[in-house]
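Here's the structure, in structure tokens; my notes come after.
Values reported hereafter were calculated over all heavy atoms of this structure, with side chains retained and with hydrogens, waters and symmetry mates removed.
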Amino acid sequence: MSRVGSAPPGSPLAALALLVSCLALVAGSLLFDAAPAHASQLIDRNATHVNLAVNARGEALLTYRVGTRVRRVLARGALNARSSASSTRQVSFKLDYSGGWATHHRLVWRQFRDTCNPYDGPRLAAAVETCKAADGSYWALQSWQIPLPDLGFLPWLPRQRASWLMLSHWSGPTAQLEVYTDWVYNGRFQQVFGRFTYLGRPVYGYRTTRLGSPTDAFGRLLYLDTLNAPAYGRGWRRENSFVTHKNTGVFCYGFYRFDPGSGGYARPKSWPAQKRRGPGTGARYRITVMGPGVTPDIRWEGPGLHRYDSRNPVDVAYETQQNLILDSYHDRICRHH
């Protein structure tokens with residue numbers, strides 16, 4: 001697991017960053033065993049033939065296959081999200097994997113009346129099923145690869161290739177993910193930074209593991225992917241994952257070279273010990289994050305940067321503009337230009 005923030009490994013700022021637990025990153029393979037308990041909620045892995053139905057009582061029936069086995073899950077009892085600053089528990093679904101028998105003591109799925117209307121909500125990344133319920137609220141199932149290995153490695157274990165099926169239920173606006181790119185350390189490295197908010201308030205958690213995986217219901221990991229990075233190869237690769245900062249919802253990540261053998265990263269046995277990897281700068285970047293509470297997952301995508309030229313007035317003006325945005329966040333960690 002790499003150091004989070006804008007300090008390259010070995011610098012004094014990087015050493016300082018080690019003292020701040022909320023800056024730590026978590027490897028995608030570790031996250032598979034330490035998923036957040038509450039988010040756009042995890043239903044299952046590697047689901048196919050997915051169907052979503054919602055009845056007039058506000059219950060959702062999810063029908064899908066895992067391998068050759070048909071599964072039916074009844075979900076209810078959650079809408080939207082609570083603010084990270086609230087003193088109450090985060091919302092979460094009540095999930096009945098018996099298909100409704102445990103809840104209603106009958107085979108609900110046999111006579112489940114679907115009242116879904118055509119979906120007219122916001123465009124969602126990785127959506128496989130959507131629904132506009134009779135009460136005007138929205139339901140969605142999204143599926144994407146969450147536990148990919150970091151630092152651009154191709155998956156070498158089956159669980160790293162798994163697609164997670166996520167359920168959400170919301171009304172009104174979804175969460176907002178602001179993302180910007182700039183250069184740091186006199187133009188030597190590229191950086192992505194931004195802020196994650198819901199209804200204008202920052203989204204953040206309170207506790208993480210030693211390696212940075214959220215341990216409370218409010219924390220979220222942002223998954224950063226890079227496209228056609230020369231250090232990794234063609235296609236989209238997982239660069240890293242990291243949390244937003246407490247109280248601000250701000251994040252910043254610098255593209256440096258990292259040692260896959262330290263910091264909690266997973267690496268294939270064929271990778272030589274102490275051989276560094278990266279930087280993962282690519283043609284494009286994307287960040288995907290689970291929505292707060294049971295709101296839908298959000299994705300941003302944008303172009304990467306070229307090599308910084310201090311003699312180019314366009315580069316200088318762009319960097320100045322991005323620095324002003326970063327400074328406006330007043331985040332005590334993401335401050336390096």
Side-chain angles (χ1 to χ4, degrees), residues 36-44 47 49-64 71-100 102-104 106-144 164-178 195-203 217-218 220 249 288-301:
H38 306 277
S40 60
Q41 205 154 329
L42 171 64
I43 301 300
D44 217 322
H49 301 82
V50 177
N51 183 72
L52 169 64
V54 177
N55 64 18
R57 300 174 61 179
E59 298 173 319
L61 179 65
L62 321 178
T63 307
Y64 57 93
R71 296 184 178 179
R72 298 180 178 89
V73 180
L74 189 70
R76 60 190 177 91
L79 177 72
N80 293 332
R82 295 191 175 106
S83 166
S84 293
S86 67
S87 58
T88 56
R89 296 179 61 182
Q90 187 57 280
V91 301
S92 62
F93 290 117
K94 296 178 181 178
L95 299 176
D96 180 354
Y97 281 84
S98 70
T103 303
H104 298 292
R106 57 187 176 85
L107 297 178
V108 173
W109 58 271
R110 287 187 172 178
Q111 296 179 327
F112 193 88
R113 184 178 178 183
D114 183 17
T115 61
C116 281
N117 296 307
Y119 180 78
D120 60 359
R123 183 176 180 180
L124 301 177
V128 291
E129 281 284 289
T130 53
C131 166
K132 182 177 183 180
D135 63 1
S137 66
Y138 296 107
W139 293 77
L141 283 165
Q142 295 164 276
S143 180
W144 51 289
W164 289 17
L165 184 65
M166 312 295 293
L167 175 67
S168 55
H169 182 207
W170 77 100
S171 61
T174 60
Q176 298 295 310
L177 183 61
E178 306 170 23
R195 179 170 56 184
F196 189 34
T197 60
Y198 177 62
L199 300 181
R201 297 182 177 182
V203 177
F218 292 95
R220 292 293 179 269
T288 312
V289 58
M290 298 177 187
V294 295
T295 62
D297 300 348
I298 303 299
R299 176 174 290 170
W300 166 90
E301 182 178 328

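Ala75 and Leu167 get closest at one heavy-atom pair: CB-CD2, 3.5 Å. Residue Phe218 comes nearest to Arg82 through the heavy atom pair CE2-O, 3.8 Å, listed as atom of the first residue, atom of the second, then distance. In plain terms, the two heavy atoms of Ser137 and Leu79 that are nearest each other are CB-CD1, 4.3 Å. What you find for Pro292 and Gln90 is that their closest heavy atoms are C-NE2, 4.5 Å. Here the closest non-hydrogen pair linking Ser98 and Ala102 is OG-N, 2.9 Å.
Looking at Asp297 and Ser168, their side chains never bring a donor and an acceptor atom within 3.5 Å of each other. Between Thr103 and Asp96, the side chains place a donor N or O and an acceptor N or O closer than 3.5 Å (distance only, hydrogens not considered). Side-chain contact annotation: Tyr138 with Asp120, donor-acceptor N/O pair under 3.5 Å present.
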Next item on the list: Given side chain to side chain contact (heavy atoms under 4.5 Å, CB included), test Leu74 with Leu95 step by step and report yes or no.
Entry: CA-CA 6 Å; Leu74 189 70; Leu95 299 176; over 6 Å; no
Notebook entry, point to check: Given the rule in the side chain to side chain contact (heavy atoms under 4.5 Å, CB included) test, do Glu59 and His104 qualify, once you have shown the distances and angles that lead to the verdict?
Noted result: CA-CA 12 Å; Glu59 298 173 319; His104 298 292; 2.7 Å; yes
Next item on the list: Assess whether side chain to side chain contact (heavy atoms under 4.5 Å, CB included) is satisfied between Ser143 and Val50, documenting all intermediate values.
Entry: CA-CA 10 Å; Ser143 180; Val50 177; over 6 Å; no
Item checked: Check against side-chain hydrogen bond (donor to acceptor under 3.5 Å, both in side chains), Tyr64 and Asn51 -> CA-CA 6 Å; Tyr64 57 93; Asn51 183 72; over 6 Å; no
Note to self: Run His169 and Gln41 through side-chain hydrogen bond (donor to acceptor under 3.5 Å, both in side chains) and show every step you take.
What the structure shows: CA-CA 10 Å; His169 182 207; Gln41 205 154 329; over 6 Å; no
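With contacts defined as side-chain heavy-atom distances shorter than 4.5 Å, the pair Thr174/Gln176 qualifies. In this structure the side chain of Trp170 never reaches within 4.5 angstrom of the side chain of Ser40, judged on heavy atoms. Between Val294 and Asn80, the closest side-chain pair of non-hydrogen atoms is not below 4.5 Å. Looking at heavy atoms from C-beta onward, Leu199 lies in side-chain contact with Pro173 at the 4.5 angstrom threshold. Inter-residue side-chain proximity for Tyr198 and Ser84 is flagged as unmet; no heavy-atom pair is nearer than 4.5 Å. Residues Asp44 and Val73 are not in side-chain contact: their nearest non-hydrogen atoms beyond the backbone lie 4.5 Å or more apart. Under the 4.5 Å side-chain criterion, counting only non-hydrogen atoms from C-beta, Met166 is in contact with Leu42.
Within a 6.0 Å sphere centred on CZ of Arg201, other residues, nucleotides and ligands contribute 12 heavy atoms or fewer.
Using modelled atom types, one side-chain atom of Thr115 and one backbone atom of Val54 make a donor-acceptor pair closer than 3.5 Å. A donor-acceptor pair is defined here as one N or O able to donate and one able to accept, closer than 3.5 Å; such a pair exists between the side chain of Tyr97 and the backbone of Ile43. Judged by distance alone, the side chain of Arg220 and the main-chain N or O of Val203 form no donor-acceptor pair under 3.5 Å.
Taking OG1 of Thr63 as the reference point, atom CG of Leu52 lies at 9.0 Å (rounded to 0.5 Å). Atom CG in Leu124 sits 7.0 Å away from atom CD1 in Ile298 (nearest 0.5 Å). To the nearest 0.5 Å, atoms CD (Gln142) and CH2 (Trp144) are separated by 9.0 Å. Interatomic distance, CG of Asp114 versus CG of Leu61, reported as 9.0 Å (0.5 Å rounding). With values rounded to the nearest 0.5 angstrom, Phe112 atom CZ is found 12.5 Å from Arg72 atom CZ. Atom CG of Asn117 is separated from atom CG of Asp135 by 10.0 Å, given to the nearest 0.5 angstrom.
Ring-centre distance between Trp139 and Phe93: below the 6.0 Å cut-off.
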